Amino acid sequence: MPSDPKKKKKTPPKGFTNLNQFMTPSSGSKKKKSSQKITHLTKNDKSNSNKPVSKSTSSITEQKKDNPASTKDFKNATKSKKKPHLQEKSIVRDKVIKEEDMLQKVFFEPNSAPIGDSQYDFELERESREAQKSWHLRILQKADEIIQDMEKGILLTVDYDGGQNKAFAKFYDTKDQKIKIWIDTTKHQSYCYHKDSEDELSQNLDLIDLEGFDHLETVKKYDLLEDKEIELTKIYGDAPSHIGGANGIREILGGAWESRIRYHHNFIYDNELIPGMPYKIEKGIVSPLEPEIDPILQQELFEVFKTAPEEIQEMAKVYQPVFSAPPGEVKRLAYDIEVEETPDGTLPDPMLAKFKVISVSFAATDGLKQVYCLDRDDVEIGTVPEDFPQDAVVKFFKDERELLKETFRLFWDYPIILTFNGDNFDNTYLYHRARRMKISEKINPIYVSRGGGMVTHNTDYKHAIHIDIFQFFANRSIKGYAFGGAYLKNSLEAVASALLGEGKVKHEGVLIGKMTLADLIHYNLMDSMLTLELTTFNNNLMWNLLIVIMRITRLPMQDTFRLQISAWIRSLIYSEHKRKNYLIPRMSELERRGKFSRNKTEKFQGAYVIDPVPGAHYNVGVLDFSSLYPSIIKTRNLSYETINCHHPECEDNFLPDSPYYTCTKRMGIFAYVVGFLRDVRVKWFKSLSNNKNVAENERHTAKVMAAALKVFINGSYGVFGSPVFPFYYLPVAESTTNIGRYSIQKTIDKSEEMGVKVLYGDTDSVFLLQPTEKQIKELVKWSEEKLDLDLELEKTYQFLALSGRKKNYIGVRQGGKQVDLKGLMAKKHNTPEFIKKRFNDVQTVLTKITDDESFKANREEIIQIIKQTNRLIGKTKEKGGFDIKDYGIMTALKKGISAYTKAIPQHVKAAQMLPEQEQKKLERGTFITYVKTRSQAGVKPVSLATLADIDYKKYKEMVRSTFEQVLDALGINYEEIQGIKKLSSFF
DNA sequence: GAAGTTACAAA
DNA sequence: ATAGAGTAACTTC
């Protein structure tokens, strides 16, 4: 990709640019606490201990004498588990342990009522190799529970079932809050198209005689590449696999149109279904419910687009219900499991599920907070941690099998099951563990299929929908654009503390299997609660985002949270073609028309980065074009069918400094789709969300919409510019960056003409030296008139240090509150600890720089920190040096040692030096910590190494590579540090 | 510069 | 089970 995608992500938010800004993290955690009624079980709280909290449900009551470990335990619990803001309180607490602090075991009363699909009085056994979901559908059919009539249900997913060879849908029935399954009643078939005529194709015996071929039909579609209506042959197959599968129709014909679209997606597009929208079902027929629309809003939306191009107006009309229907409240259950630890400390393999499930926690929107805990005699009971939710129910099980069955019973009651990484862990583990324990598959609601990418399993529920919220939050566009990069890592800990202001319960040093039962329960429950809360916080923000993205992309829920932005935009463009009866072009057609090959990834010129003026600058204004590339795509009408179109009258409509011309007669599909999304965000939702006269809930919805749209707008160029995207079109990608460069250059010219010095600029920004307010206004106005682009003041630096290098600078924001470090080496995973620490020290010093004077003073301090770091390498503790462990570089084995044949990475080399006994214990997943040494091998396991082994040179080199760029930006030559030569800085 | 390797996230 | 489904950052050759 030509532009630097990282740049956008790192750019800190301004105004309302991401959803974190209408969350109040500092006050948020406290507020939430009280609203959730998480009270603290303190000894003096009479109201707690006196109330024998609702009989059988509460387990956290009194009784339990003389536990010798209790006092110690309690202290540990308070110390390690307190959140920072509670720290103080815990110190003041008196240290006497009362009986009511002890956890009491309340056992689950056996329940023999049938669970799930075992409730029916008929027998319908699973056929050999029958998919779990197919079996469930057959059972529902036999029980006559396939939905035929429903007043109102939100369409959540559409999927394909091979057993029925049909699409089926899951609706959330708003009346009884259950999932209702509907099986296709429309006789929809799988198909693809071909440009050969029906006559020609019927001569092709390979096709006609193919098992799985059904019939041919001649249809008309509009071919955008030809700009005319054409006749096509629609080829029907018996099942989706006959179209695109091995020896299928596509293979026989050497390619076919629209044969790569997933069957169930095709089903959605063809029936113009919109996942996330409300529907009714009458006698098996699904039809959209007219959403409640505010006529005033409708009128206002119309007004906003009154002067827009026809194509955008039409889109606004079609999409109006999509944007105005409320997302709705949906009942959901989050859960989390804890598993007995493995002997070697590695992660239990969820496919093997060899180890006991020791605890399962649940948290649901109906208020349920529950833990099912396996009673283990060898584990201490412990005391109830102070912030354990008072309204939580804890039940003990003697038998793991019963625990799992009751877990499943609970699952069968909920329409939506939420997990954090449940695809790869919890669901897969439970499914296999239950099978291992011979729990009937009629009771087991989970099914597991093969995943792709880093998620190796896809899991879902027979009766419900599973959402792995980890995958949604880890989605790079969601993370970067909807949440403004608020969390760096994607762990529950990181995401929750960033978005909820509250992290997981800490269990530093204590392994899960060694925790007291009370601590385990607490730890387990908090994870479910956080998982649920990540979908409910801020008025169901995440849930609403998911629903809105489903509506925009037309993708079913289970695909939406698993797929990336490119698949979202692909689906949006597919559905737009289908809606307008445009033929979706094949990749080869686009390549031929655009004269490029996507395999060769012909490099085109990317963004323009202005040569920086090195040195220290003060009062620098940074202006940038808001959503530059999407704006260009819209205003210049860039799309695969509009660049060098077929109209002679467009031939002189050249793009600036370009061999391409663009269409003047019709708006391109990319241009109007991206343009519409951009316009509806800027002109409608952003102003709505800032309008104080609008009701709070509407403003909130507007913010969600604006955030969702931002994801598409910001993601669009990256997708269009990527050769793997099915609609990749080199002339579009090339023209976009081309016009971007042109626009920046014109802006520089204009600034200089106005007497404002340009210090630096990258892609869509210009750094101006001491611009006046008036000059900024003038530039903004000029840009709007001459370039048709929105230019804005993004930030002001009171101090900016530019190195000679591009994409490498340090800026201190006006007020000195924030420091931007660009192009600096990220803290690499395998950077030794002592370097990480020192890098943090340097960052802290940087934040102190506010003016020329403080810069000079702090500059010296930074030099000293680095010099000292170098000096101490290899020095003993007595001389102030680092521990040998601080030199350690940690890397995990991805396979057994003997499996490394092609190349032996350094950590494997180190592992091979370990004593044989230890080597035997190494398997996939084990961490190897090694240091770099001066020996032949160059490495040594940290356990065998001493300070004398350390390779000074290598470590000094690491110090250098970590700090060089920081120093470069500050105008310090690294040689100065090493003391080889003294150079005066250029300041 | 291409090819190979690992981390991510979960107990 | 049936079509498809990750990526950044690093090391080694």
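So you know, we letter chains A, B, ... as the sequences are listed, proteins then strands, and number each from 1. Keep in mind that what you see is a predicted model, and the values were worked out from it rather than measured.
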- Task: Counting heavy atoms from C-beta on, name the nucleotide in dG4(C), dT7(C), dA10(B) closest to the side chain of Arg476(A).
- Result: dT7(C)

- Task: Ignoring hydrogens and angles, state whether a donor on the side chain of Arg562(A) or Asn458(A) is under 3.5 Å from an acceptor on the partner side chain.
- Result: yes

- Query: Is there a donor-acceptor pair under 3.5 Å between the side chain of Arg586(A) and the backbone N or O of Trp257(A)?
  - Reply: no

- Message: Rounding to an integer number of Å, can you tell me how far Glu130(A) CD sits from dA1(C) C1'?
- Response: 13 Å

- Item | Polar contact flag, side-chain donor to acceptor under 3.5 angstrom, Asn524(A)-Ser359(A) | yes

- Take atom CZ of Arg376(A) and atom P of dA11(B), then tell me their distance rounded to the nearest Å. 15 Å

- Message: Going by the rule salt bridge (charged side-chain N to carboxylate O under 4.0 Å, His left out), which residues pair with Asp159(A) if we only count those two or more places apart in sequence or in a different chain?
- Response: Lys133(A)

- So, for Tyr193(A) and Tyr191(A), is the gap between ring centers shorter than 6.0 Å? yes

- Checking all strands, does Ser449(A) fall into the base, sugar-phosphate, or nothing category for heavy-atom contacts under 4.0 angstrom? nothing

- Would you mind reading off the distance between Asn524(A) atom CG and dA11(B) atom P, rounded to a whole angstrom? 9 Å

- Item | Residues Asn424(A), Thr456(A); criterion side-chain hydrogen bond (donor to acceptor under 3.5 Å, both in side chains); working and verdict | CA-CA 6 Å; Asn424(A) 263 354; Thr456(A) 48; 3.0 Å; yes

- Message: Within the 4.0 Å heavy-atom criterion, would you say Ile261(A) contacts the bases, only the backbone, or no part of the nucleic acid?
- Response: base

- Please give, in whole Å, the distance from dA8(C) P to Gln564(A) CD? 10 Å

- Message: What is the distance, to the nearest angstrom, from the NE2 atom on His264(A) to the P atom on dA5(C)?
- Response: 13 Å

- Separation of dA10(B) atom P from Lys354(A) atom NZ, nearest Å, is 23 Å

- Query: Among residues 421-437 of chain A, which contact DNA chain B at a heavy-atom distance under 4.0 Å?
  - Reply: Asn421(A), Asn424(A), Phe425(A)

- Touch check for Ser190(A), heavy atoms < 4.0 angstrom, all strands: base, sugar-phosphate only, or nothing? nothing

- Note on the structure: Which of dA9(B), dA10(B), dA5(C) is nearest the side chain of Met454(A)? It is dA9(B)

- Remember a base hit wins even if backbone is also touched, and classify Gly345(A) as base, sugar-phosphate or nothing at under 4.0 Å, heavy atoms. base

- Taking ring pair (Phe, Tyr, Trp, His ring centres under 6.0 Å) as the test, write out the residues that go with Tyr160(A), two or more places apart. Tyr263(A)

- Of the nucleotides dA11(B), dA1(C), dG6(C), which one has an atom closest to the side chain of Ala131(A)? dA1(C)

- Item | Integer-rounded Å distance: dA9(B) C1' and Phe420(A) CZ | 7 Å

- Task: Calculate the interatomic distance between Asp336(A) atom CG and dA9(B) atom C1'; express it in whole Å.
- Result: 12 Å

- Item | Side-chain H-bond candidate by donor/acceptor type, Gln471(A) with Asp468(A), under 3.5 Å | yes

- Asp559(A) side chain: which of dA11(B), dG4(C), dA10(B) is closest? dG4(C)

- Message: Using the P atom as the point on both nucleotides, what is the distance between dA9(C) and dA9(B), in whole Å?
- Response: 14 Å

- Query: When all nucleic acid strands are considered with a 4.0 Å heavy-atom cut-off, which category describes Glu338(A): base, sugar-phosphate, or nothing?
  - Reply: sugar-phosphate

